[in-house]
J.: 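Can you read through this structure? Questions will come right after.
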Amino acid sequence: DNDQLTEIINHVKANDENSNPEYFGAAKGKNIIMIALESTQSFIINNEIDGEEITPFLNDLIQSRGTYYFSNFYHQTGQGKTSDAEFIIENSMYGLPRGAVFFSNPENQYHSLASVLKSEGHYYSAVFHANNKSFWNRNIMYNALGYDRFFSEEDYEIKKEDSVGWGLKDKAFFSQTIPYLKELKKPYYAKLLTLTNHFPFALEKADEIIPEWTSKDGTVNRYFTTVRYQDEALKQFFDEMKREGIYENSIFILYGDHYGISENHNKAMAQFLDKEITPYETIQLQRVPFIIHFPGRSETREITSAVGQVDVKPTVLNLMGINQEQAIQFGTDLFSTDKREFVILRDGSFITDRYIMTGNKCYMRDTGMKTSKESCEPYIQLAKEELNYSDQIIYGDLLRFLP
Ligand code: GP9
Ligand code: MN
(Lines give C-alpha, C1' and ligand atoms only; values in the text may rest on other atoms or scores of the structure.)
(Ligands and ions follow the chains in the order given, each with its own letter.)
Protein backbone atom coordinates (compact mmCIF):
# COMPACT_ATOMS: atom_id res chain seq x y z
CA ASP A 1 0.00 0.00 0.00
CA ASN A 2 0.90 3.65 0.31
CA ASP A 3 2.97 3.27 3.52
CA GLN A 4 5.07 0.61 1.89
CA LEU A 5 5.66 2.93 -1.03
CA THR A 6 6.69 5.77 1.27
CA GLU A 7 9.25 3.52 2.94
CA ILE A 8 10.64 2.54 -0.46
CA ILE A 9 10.74 6.15 -1.64
CA ASN A 10 12.72 7.02 1.49
CA HIS A 11 15.15 4.18 0.83
CA VAL A 12 15.63 5.22 -2.78
CA LYS A 13 16.12 8.88 -1.82
CA ALA A 14 18.59 7.97 0.94
CA ASN A 15 20.70 6.07 -1.56
CA ASP A 16 20.33 8.60 -4.34
CA GLU A 17 23.51 9.69 -6.10
CA ASN A 18 23.64 12.72 -8.34
CA SER A 19 23.78 12.29 -12.07
CA ASN A 20 26.58 14.05 -13.86
CA PRO A 21 25.46 17.54 -14.97
CA GLU A 22 28.21 17.62 -17.62
CA TYR A 23 26.41 14.87 -19.50
CA PHE A 24 22.92 16.23 -18.88
CA GLY A 25 21.32 16.66 -22.29
CA ALA A 26 24.51 15.61 -24.13
CA ALA A 27 22.42 13.51 -26.56
CA LYS A 28 19.18 15.48 -26.31
CA GLY A 29 16.91 14.94 -29.29
CA LYS A 30 19.11 12.24 -30.86
CA ASN A 31 17.55 8.99 -31.95
CA ILE A 32 18.40 6.21 -29.54
CA ILE A 33 19.34 2.86 -31.04
CA MET A 34 19.72 0.18 -28.40
CA ILE A 35 21.02 -3.23 -29.40
CA ALA A 36 20.71 -6.28 -27.17
CA LEU A 37 23.59 -8.65 -27.82
CA GLU A 38 22.19 -12.11 -27.18
CA SER A 39 24.15 -14.17 -24.62
CA THR A 40 27.25 -12.03 -25.09
CA GLN A 41 29.73 -12.02 -22.21
CA SER A 42 32.65 -9.66 -21.75
CA PHE A 43 35.36 -12.29 -21.79
CA ILE A 44 35.22 -12.41 -25.59
CA ILE A 45 36.06 -8.69 -25.92
CA ASN A 46 39.67 -8.04 -26.94
CA ASN A 47 40.28 -11.74 -26.87
CA GLU A 48 41.36 -14.32 -29.42
CA ILE A 49 40.71 -17.93 -30.22
CA ASP A 50 43.47 -19.78 -32.07
CA GLY A 51 44.95 -16.43 -33.11
CA GLU A 52 41.65 -15.01 -34.45
CA GLU A 53 39.95 -11.98 -32.94
CA ILE A 54 36.47 -12.93 -31.72
CA THR A 55 34.90 -9.46 -31.87
CA PRO A 56 36.98 -7.30 -34.24
CA PHE A 57 34.13 -4.84 -34.82
CA LEU A 58 33.34 -4.32 -31.13
CA ASN A 59 37.05 -4.06 -30.35
CA ASP A 60 37.37 -1.27 -32.94
CA LEU A 61 34.21 0.44 -31.76
CA ILE A 62 35.55 0.50 -28.20
CA GLN A 63 38.67 2.30 -29.44
CA SER A 64 36.86 4.84 -31.58
CA ARG A 65 35.97 8.43 -30.88
CA GLY A 66 32.74 8.97 -29.05
CA THR A 67 32.77 5.57 -27.37
CA TYR A 68 32.38 4.86 -23.68
CA TYR A 69 33.11 1.27 -22.81
CA PHE A 70 32.17 -0.11 -19.39
CA SER A 71 34.43 -3.08 -18.78
CA ASN A 72 33.00 -4.07 -15.40
CA PHE A 73 29.31 -4.01 -16.28
CA TYR A 74 27.34 -6.94 -14.83
CA HIS A 75 24.08 -8.46 -16.01
CA GLN A 76 21.56 -8.76 -13.18
CA THR A 77 19.09 -11.17 -14.74
CA GLY A 78 17.39 -14.19 -13.23
CA GLN A 79 15.18 -16.85 -14.77
CA GLY A 80 13.58 -14.29 -17.10
CA LYS A 81 16.83 -14.10 -19.12
CA THR A 82 16.44 -11.75 -22.15
CA SER A 83 13.16 -10.45 -20.79
CA ASP A 84 14.70 -9.71 -17.38
CA ALA A 85 17.44 -7.71 -19.07
CA GLU A 86 14.78 -5.75 -20.93
CA PHE A 87 12.83 -5.19 -17.72
CA ILE A 88 15.83 -4.05 -15.69
CA ILE A 89 17.00 -1.65 -18.39
CA GLU A 90 13.53 -0.19 -18.96
CA ASN A 91 12.73 0.35 -15.29
CA SER A 92 15.95 0.51 -13.29
CA MET A 93 14.41 -2.17 -11.08
CA TYR A 94 15.34 -5.82 -10.59
CA GLY A 95 13.60 -8.82 -12.11
CA LEU A 96 11.90 -11.27 -9.76
CA PRO A 97 13.61 -13.96 -7.64
CA ARG A 98 11.69 -16.66 -9.53
CA GLY A 99 10.03 -16.71 -12.93
CA ALA A 100 9.82 -13.76 -15.29
CA VAL A 101 8.13 -10.48 -14.44
CA PHE A 102 7.15 -10.30 -18.14
CA PHE A 103 4.79 -13.21 -17.44
CA SER A 104 3.73 -12.53 -13.88
CA ASN A 105 3.12 -8.78 -13.84
CA PRO A 106 2.30 -7.45 -17.29
CA GLU A 107 -0.69 -5.43 -16.00
CA ASN A 108 1.31 -3.31 -13.54
CA GLN A 109 1.99 0.35 -13.92
CA TYR A 110 5.59 1.12 -14.80
CA HIS A 111 7.56 4.28 -15.37
CA SER A 112 9.59 2.75 -18.15
CA LEU A 113 12.31 4.37 -20.20
CA ALA A 114 10.03 4.32 -23.26
CA SER A 115 7.16 6.00 -21.46
CA VAL A 116 9.32 8.67 -19.80
CA LEU A 117 11.05 9.40 -23.10
CA LYS A 118 7.61 9.84 -24.62
CA SER A 119 6.12 12.05 -21.93
CA GLU A 120 9.23 14.16 -21.31
CA GLY A 121 10.93 14.13 -24.69
CA HIS A 122 8.18 13.29 -27.23
CA TYR A 123 10.03 10.17 -28.31
CA TYR A 124 8.41 7.49 -30.43
CA SER A 125 9.46 3.97 -29.40
CA ALA A 126 9.71 0.65 -31.20
CA VAL A 127 11.12 -2.79 -30.51
CA PHE A 128 12.49 -5.04 -33.25
CA HIS A 129 12.76 -8.77 -32.68
CA ALA A 130 12.27 -11.42 -35.36
CA ASN A 131 10.68 -13.99 -33.09
CA ASN A 132 7.09 -14.90 -32.30
CA LYS A 133 5.52 -11.84 -30.68
CA SER A 134 4.19 -13.77 -27.70
CA PHE A 135 7.59 -15.17 -26.71
CA TRP A 136 8.27 -14.03 -23.13
CA ASN A 137 4.74 -12.54 -23.26
CA ARG A 138 6.23 -9.56 -25.03
CA ASN A 139 3.08 -8.62 -26.94
CA ILE A 140 1.28 -8.09 -23.61
CA MET A 141 4.13 -6.72 -21.50
CA TYR A 142 5.18 -4.21 -24.15
CA ASN A 143 1.89 -2.37 -23.67
CA ALA A 144 2.71 -1.90 -19.99
CA LEU A 145 6.19 -0.70 -20.97
CA GLY A 146 4.63 1.87 -23.27
CA TYR A 147 6.22 0.99 -26.62
CA ASP A 148 4.43 2.45 -29.61
CA ARG A 149 5.21 -0.41 -31.97
CA PHE A 150 6.56 -3.95 -31.81
CA PHE A 151 8.05 -5.28 -35.05
CA SER A 152 8.03 -9.06 -34.56
CA GLU A 153 8.32 -12.18 -36.74
CA GLU A 154 5.26 -11.10 -38.77
CA ASP A 155 7.06 -7.99 -39.96
CA TYR A 156 10.08 -9.85 -41.31
CA GLU A 157 10.50 -12.01 -44.35
CA ILE A 158 11.91 -15.21 -42.94
CA LYS A 159 13.19 -17.36 -45.76
CA LYS A 160 14.58 -20.73 -44.91
CA GLU A 161 18.05 -19.84 -46.12
CA ASP A 162 18.04 -16.78 -43.85
CA SER A 163 17.25 -18.68 -40.68
CA VAL A 164 19.21 -20.79 -38.29
CA GLY A 165 18.60 -22.05 -34.76
CA TRP A 166 16.01 -19.76 -33.17
CA GLY A 167 15.05 -17.94 -36.35
CA LEU A 168 16.11 -15.11 -38.62
CA LYS A 169 19.86 -14.69 -38.79
CA ASP A 170 21.20 -11.42 -37.39
CA LYS A 171 22.49 -10.19 -40.76
CA ALA A 172 19.07 -10.50 -42.40
CA PHE A 173 17.42 -9.14 -39.26
CA PHE A 174 19.52 -5.97 -39.30
CA SER A 175 19.12 -5.45 -43.08
CA GLN A 176 15.36 -5.84 -42.93
CA THR A 177 15.18 -3.48 -39.94
CA ILE A 178 16.85 -0.59 -41.80
CA PRO A 179 13.83 0.39 -43.94
CA TYR A 180 11.61 0.35 -40.84
CA LEU A 181 14.04 2.58 -38.96
CA LYS A 182 13.96 5.04 -41.84
CA GLU A 183 10.19 5.31 -41.53
CA LEU A 184 10.00 5.84 -37.76
CA LYS A 185 8.72 9.14 -36.44
CA LYS A 186 11.65 11.14 -35.03
CA PRO A 187 13.04 11.38 -32.47
CA TYR A 188 12.78 7.70 -31.73
CA TYR A 189 13.96 5.11 -29.27
CA ALA A 190 14.49 1.82 -31.13
CA LYS A 191 15.47 -1.39 -29.41
CA LEU A 192 16.79 -4.29 -31.50
CA LEU A 193 17.02 -7.76 -29.99
CA THR A 194 19.46 -10.08 -31.77
CA LEU A 195 19.04 -13.85 -31.85
CA THR A 196 21.76 -15.82 -33.63
CA ASN A 197 24.09 -16.01 -30.64
CA HIS A 198 21.56 -18.02 -28.67
CA PHE A 199 22.15 -21.44 -27.14
CA PRO A 200 22.87 -23.95 -28.72
CA PHE A 201 24.82 -21.51 -30.96
CA ALA A 202 23.90 -23.12 -34.26
CA LEU A 203 25.49 -21.72 -37.40
CA GLU A 204 25.83 -23.02 -40.94
CA LYS A 205 29.33 -23.61 -42.26
CA ALA A 206 28.82 -20.94 -44.93
CA ASP A 207 28.23 -18.32 -42.21
CA GLU A 208 31.24 -19.30 -40.15
CA ILE A 209 33.93 -16.63 -40.20
CA ILE A 210 36.18 -18.43 -37.75
CA PRO A 211 36.12 -22.19 -37.25
CA GLU A 212 34.67 -23.84 -34.19
CA TRP A 213 37.09 -24.25 -31.34
CA THR A 214 38.47 -27.72 -30.64
CA SER A 215 37.80 -28.42 -26.95
CA LYS A 216 35.66 -31.38 -25.86
CA ASP A 217 32.73 -29.03 -25.27
CA GLY A 218 30.73 -28.41 -28.45
CA THR A 219 28.67 -25.61 -26.89
CA VAL A 220 31.70 -23.55 -25.99
CA ASN A 221 33.34 -24.41 -29.32
CA ARG A 222 30.37 -23.06 -31.26
CA TYR A 223 29.91 -20.01 -29.03
CA PHE A 224 33.02 -18.39 -30.49
CA THR A 225 31.74 -18.79 -34.05
CA THR A 226 28.28 -17.36 -33.32
CA VAL A 227 29.73 -14.43 -31.37
CA ARG A 228 32.06 -13.80 -34.32
CA TYR A 229 29.08 -13.94 -36.68
CA GLN A 230 27.09 -11.50 -34.52
CA ASP A 231 30.06 -9.13 -34.54
CA GLU A 232 30.16 -9.24 -38.35
CA ALA A 233 26.40 -8.61 -38.51
CA LEU A 234 26.89 -5.55 -36.30
CA LYS A 235 29.64 -4.25 -38.54
CA GLN A 236 27.39 -4.64 -41.57
CA PHE A 237 24.55 -2.90 -39.74
CA PHE A 238 26.70 0.09 -38.80
CA ASP A 239 27.94 0.36 -42.40
CA GLU A 240 24.36 0.26 -43.71
CA MET A 241 23.22 2.84 -41.17
CA LYS A 242 26.01 5.15 -42.28
CA ARG A 243 25.02 4.72 -45.94
CA GLU A 244 21.36 5.32 -45.16
CA GLY A 245 21.99 8.43 -43.07
CA ILE A 246 20.70 6.87 -39.86
CA TYR A 247 24.04 6.89 -38.06
CA GLU A 248 24.89 10.58 -37.70
CA ASN A 249 21.91 11.72 -35.71
CA SER A 250 21.73 8.77 -33.35
CA ILE A 251 23.29 7.51 -30.17
CA PHE A 252 24.01 3.80 -29.79
CA ILE A 253 23.71 1.68 -26.72
CA LEU A 254 24.89 -1.93 -26.90
CA TYR A 255 24.46 -4.38 -24.06
CA GLY A 256 24.94 -8.07 -23.41
CA ASP A 257 21.71 -9.46 -21.98
CA HIS A 258 23.02 -12.35 -19.82
CA TYR A 259 25.56 -15.15 -19.83
CA GLY A 260 25.66 -17.58 -22.74
CA ILE A 261 27.93 -20.17 -21.20
CA SER A 262 26.55 -21.68 -18.00
CA GLU A 263 28.51 -23.28 -15.18
CA ASN A 264 27.98 -26.65 -16.82
CA HIS A 265 30.80 -25.66 -19.15
CA ASN A 266 33.39 -24.72 -16.56
CA LYS A 267 35.85 -27.29 -17.77
CA ALA A 268 36.15 -25.87 -21.29
CA MET A 269 36.04 -22.32 -19.92
CA ALA A 270 38.93 -23.12 -17.60
CA GLN A 271 40.83 -24.42 -20.61
CA PHE A 272 40.10 -21.28 -22.62
CA LEU A 273 40.80 -18.77 -19.85
CA ASP A 274 43.67 -20.81 -18.50
CA LYS A 275 42.47 -20.60 -14.92
CA GLU A 276 40.22 -22.50 -12.60
CA ILE A 277 36.58 -21.34 -12.61
CA THR A 278 36.11 -20.66 -8.91
CA PRO A 279 32.89 -19.11 -7.55
CA TYR A 280 34.72 -15.77 -7.73
CA GLU A 281 35.47 -16.34 -11.45
CA THR A 282 31.85 -17.31 -12.03
CA ILE A 283 30.83 -13.87 -10.81
CA GLN A 284 33.44 -12.24 -13.04
CA LEU A 285 31.98 -14.19 -15.95
CA GLN A 286 28.66 -12.40 -15.35
CA ARG A 287 30.16 -9.29 -16.91
CA VAL A 288 28.57 -8.40 -20.23
CA PRO A 289 29.62 -5.73 -22.72
CA PHE A 290 28.14 -2.28 -22.30
CA ILE A 291 28.99 0.36 -24.86
CA ILE A 292 27.66 3.85 -25.47
CA HIS A 293 28.67 5.28 -28.83
CA PHE A 294 28.04 8.93 -29.74
CA PRO A 295 28.84 9.86 -33.32
CA GLY A 296 30.42 13.30 -33.41
CA ARG A 297 31.90 13.23 -29.90
CA SER A 298 35.65 13.18 -29.63
CA GLU A 299 36.30 11.39 -26.33
CA THR A 300 37.15 7.69 -26.04
CA ARG A 301 36.90 6.25 -22.55
CA GLU A 302 36.98 2.95 -20.75
CA ILE A 303 35.15 3.09 -17.45
CA THR A 304 36.26 0.34 -15.10
CA SER A 305 34.05 0.82 -12.06
CA ALA A 306 31.62 -1.97 -11.21
CA VAL A 307 28.17 -1.15 -12.59
CA GLY A 308 25.08 -2.99 -13.79
CA GLN A 309 21.97 -3.09 -15.92
CA VAL A 310 19.92 -1.12 -13.36
CA ASP A 311 22.12 1.86 -14.19
CA VAL A 312 21.13 2.11 -17.85
CA LYS A 313 17.81 3.95 -17.56
CA PRO A 314 19.12 6.82 -15.38
CA THR A 315 22.10 7.15 -17.73
CA VAL A 316 19.96 7.43 -20.85
CA LEU A 317 17.55 9.88 -19.24
CA ASN A 318 20.42 12.10 -18.09
CA LEU A 319 21.95 12.07 -21.58
CA MET A 320 18.57 13.09 -22.98
CA GLY A 321 18.35 16.00 -20.57
CA ILE A 322 15.39 14.60 -18.66
CA ASN A 323 15.17 15.41 -14.99
CA GLN A 324 14.54 12.35 -12.83
CA GLU A 325 14.50 13.67 -9.27
CA GLN A 326 11.11 12.09 -8.56
CA ALA A 327 11.87 8.73 -10.17
CA ILE A 328 11.93 5.50 -8.19
CA GLN A 329 14.91 3.65 -9.58
CA PHE A 330 17.61 1.45 -8.14
CA GLY A 331 20.42 2.49 -10.47
CA THR A 332 22.49 5.63 -10.97
CA ASP A 333 23.73 7.55 -13.98
CA LEU A 334 26.88 5.72 -15.14
CA PHE A 335 28.69 9.03 -15.59
CA SER A 336 27.92 10.16 -12.04
CA THR A 337 31.03 11.24 -10.17
CA ASP A 338 29.70 10.22 -6.76
CA LYS A 339 28.45 6.78 -7.78
CA ARG A 340 29.45 4.17 -5.23
CA GLU A 341 30.36 0.73 -6.54
CA PHE A 342 27.75 -1.73 -5.40
CA VAL A 343 26.27 -4.10 -7.96
CA ILE A 344 23.68 -6.58 -6.74
CA LEU A 345 22.99 -9.73 -8.70
CA ARG A 346 19.62 -11.40 -8.59
CA ASP A 347 20.79 -14.26 -6.36
CA GLY A 348 22.05 -11.82 -3.72
CA SER A 349 25.70 -12.01 -4.81
CA PHE A 350 27.26 -8.58 -5.03
CA ILE A 351 30.29 -6.63 -6.17
CA THR A 352 31.68 -3.55 -4.37
CA ASP A 353 34.80 -1.47 -4.99
CA ARG A 354 36.79 -3.94 -2.85
CA TYR A 355 34.82 -7.15 -2.43
CA ILE A 356 32.84 -9.78 -4.23
CA MET A 357 30.39 -11.84 -2.23
CA THR A 358 28.88 -15.03 -3.57
CA GLY A 359 27.76 -18.36 -2.10
CA ASN A 360 28.05 -16.86 1.38
CA LYS A 361 31.79 -16.27 0.91
CA CYS A 362 33.65 -13.00 0.65
CA TYR A 363 36.49 -12.45 -1.84
CA MET A 364 38.87 -9.60 -2.55
CA ARG A 365 37.68 -8.10 -5.83
CA ASP A 366 41.14 -7.49 -7.26
CA THR A 367 42.82 -10.82 -6.47
CA GLY A 368 39.94 -13.25 -5.94
CA MET A 369 41.47 -14.28 -2.61
CA LYS A 370 39.02 -15.35 0.07
CA THR A 371 38.74 -12.90 2.94
CA SER A 372 36.85 -12.78 6.23
CA LYS A 373 33.08 -12.63 5.95
CA GLU A 374 33.09 -9.54 8.19
CA SER A 375 34.45 -7.49 5.29
CA CYS A 376 31.34 -8.20 3.23
CA GLU A 377 28.95 -8.15 6.17
CA PRO A 378 27.84 -4.48 5.94
CA TYR A 379 26.59 -5.02 2.39
CA ILE A 380 24.68 -8.27 2.88
CA GLN A 381 21.66 -6.68 4.49
CA LEU A 382 21.72 -3.76 2.04
CA ALA A 383 21.68 -6.12 -0.91
CA LYS A 384 18.73 -8.08 0.49
CA GLU A 385 16.86 -4.89 1.25
CA GLU A 386 17.36 -3.48 -2.19
CA LEU A 387 16.13 -6.62 -3.96
CA ASN A 388 13.26 -6.89 -1.54
CA TYR A 389 12.10 -3.32 -2.13
CA SER A 390 12.16 -3.87 -5.86
CA ASP A 391 10.13 -7.09 -5.43
CA GLN A 392 7.59 -5.30 -3.24
CA ILE A 393 7.01 -2.68 -5.91
CA ILE A 394 6.30 -5.39 -8.44
CA TYR A 395 4.18 -7.67 -6.22
CA GLY A 396 2.12 -4.76 -4.93
CA ASP A 397 1.99 -2.83 -8.21
CA LEU A 398 3.06 0.09 -6.05
CA LEU A 399 3.92 2.57 -8.76
CA ARG A 400 0.19 3.01 -9.37
CA PHE A 401 0.12 5.05 -6.15
CA LEU A 402 2.48 7.65 -7.53
CA PRO A 403 0.94 10.92 -8.63
C1 GP9 B 1 13.67 -15.08 -27.62
C2 GP9 B 1 14.93 -14.44 -27.21
C3 GP9 B 1 15.79 -15.36 -26.40
O4 GP9 B 1 12.74 -14.23 -28.17
O5 GP9 B 1 14.67 -13.25 -26.55
O6 GP9 B 1 15.39 -15.46 -25.10
P7 GP9 B 1 16.32 -16.04 -23.94
O8 GP9 B 1 16.20 -17.54 -23.99
O9 GP9 B 1 17.72 -15.61 -24.19
O10 GP9 B 1 15.75 -15.47 -22.68
MN1 MN C 1 18.84 -13.79 -24.25
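All ligand and atom numbering here is 1-based and tracks the order in the structure.
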J.: Looking at the rings of Tyr142 and Tyr147, which for Trp means the six-membered one, are their centres under 6.0 Å apart?
T.: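 They qualify: ring centres under 6.0 Å apart.
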J.: So which heavy atom on Met93 is nearest to which on Ser390, and how close?
T.: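 Heavy atoms only, the tightest pair is CB-OG, 3.7 Å.
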J.: In degrees, rounded to 10 degrees, what angle do His258 atom NE2 and Asp257 atom OD2 make at the Mn ion (ligand 2)?
T.: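 Reported to 10°, the angle equals 90°.
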J.: What heavy-atom pair brings Ile277 and Leu273 nearest, and what distance separates the two atoms?
T.: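 Scanning both residues completely, I find the closest heavy atoms to be CD1-CD1, 4.1 Å.
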J.: Given 3.5 Å as the limit, does a donor-acceptor pair link the side chain of Gln76 with the main chain of Val310, or not?
T.: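 Checked: pair present.
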J.: Tell me, which residues have any heavy atom less than 4.0 Å from some atom of ligand 1?
T.: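 Contacting ligand 1 under 4.0 Å are Glu38, Lys81, Thr82, His129, Asn131, Phe135, Trp136, Arg138, Trp166, Leu195, His198, His258.
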J.: Mind checking side-chain contact (heavy atoms from CB on, under 4.5 Å) for Arg354 and listing every partner two or more places apart, or none if nothing turns up?
T.: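 Thr352, Met364.
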J.: Answer yes or no: are there more than 12 heavy-atom neighbours, outside Lys13 itself, under 6.0 Å from its atom NZ?
T.: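 More than 12 heavy atoms, drawn from other residues, nucleotides or ligands, come within 6.0 Å of this atom.
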J.: Please give me the minimum heavy-atom distance between Ile49 and Phe224, naming the atom from each residue.
T.: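 Closest approach of Ile49 to Phe224: CD1-CE1, 3.9 Å.
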J.: Within the stated cut-off of 2.8 Å, is an N/O/S atom of Thr82 closer than that to the Mn ion (ligand 2)?
T.: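 Yes, within the cut-off.
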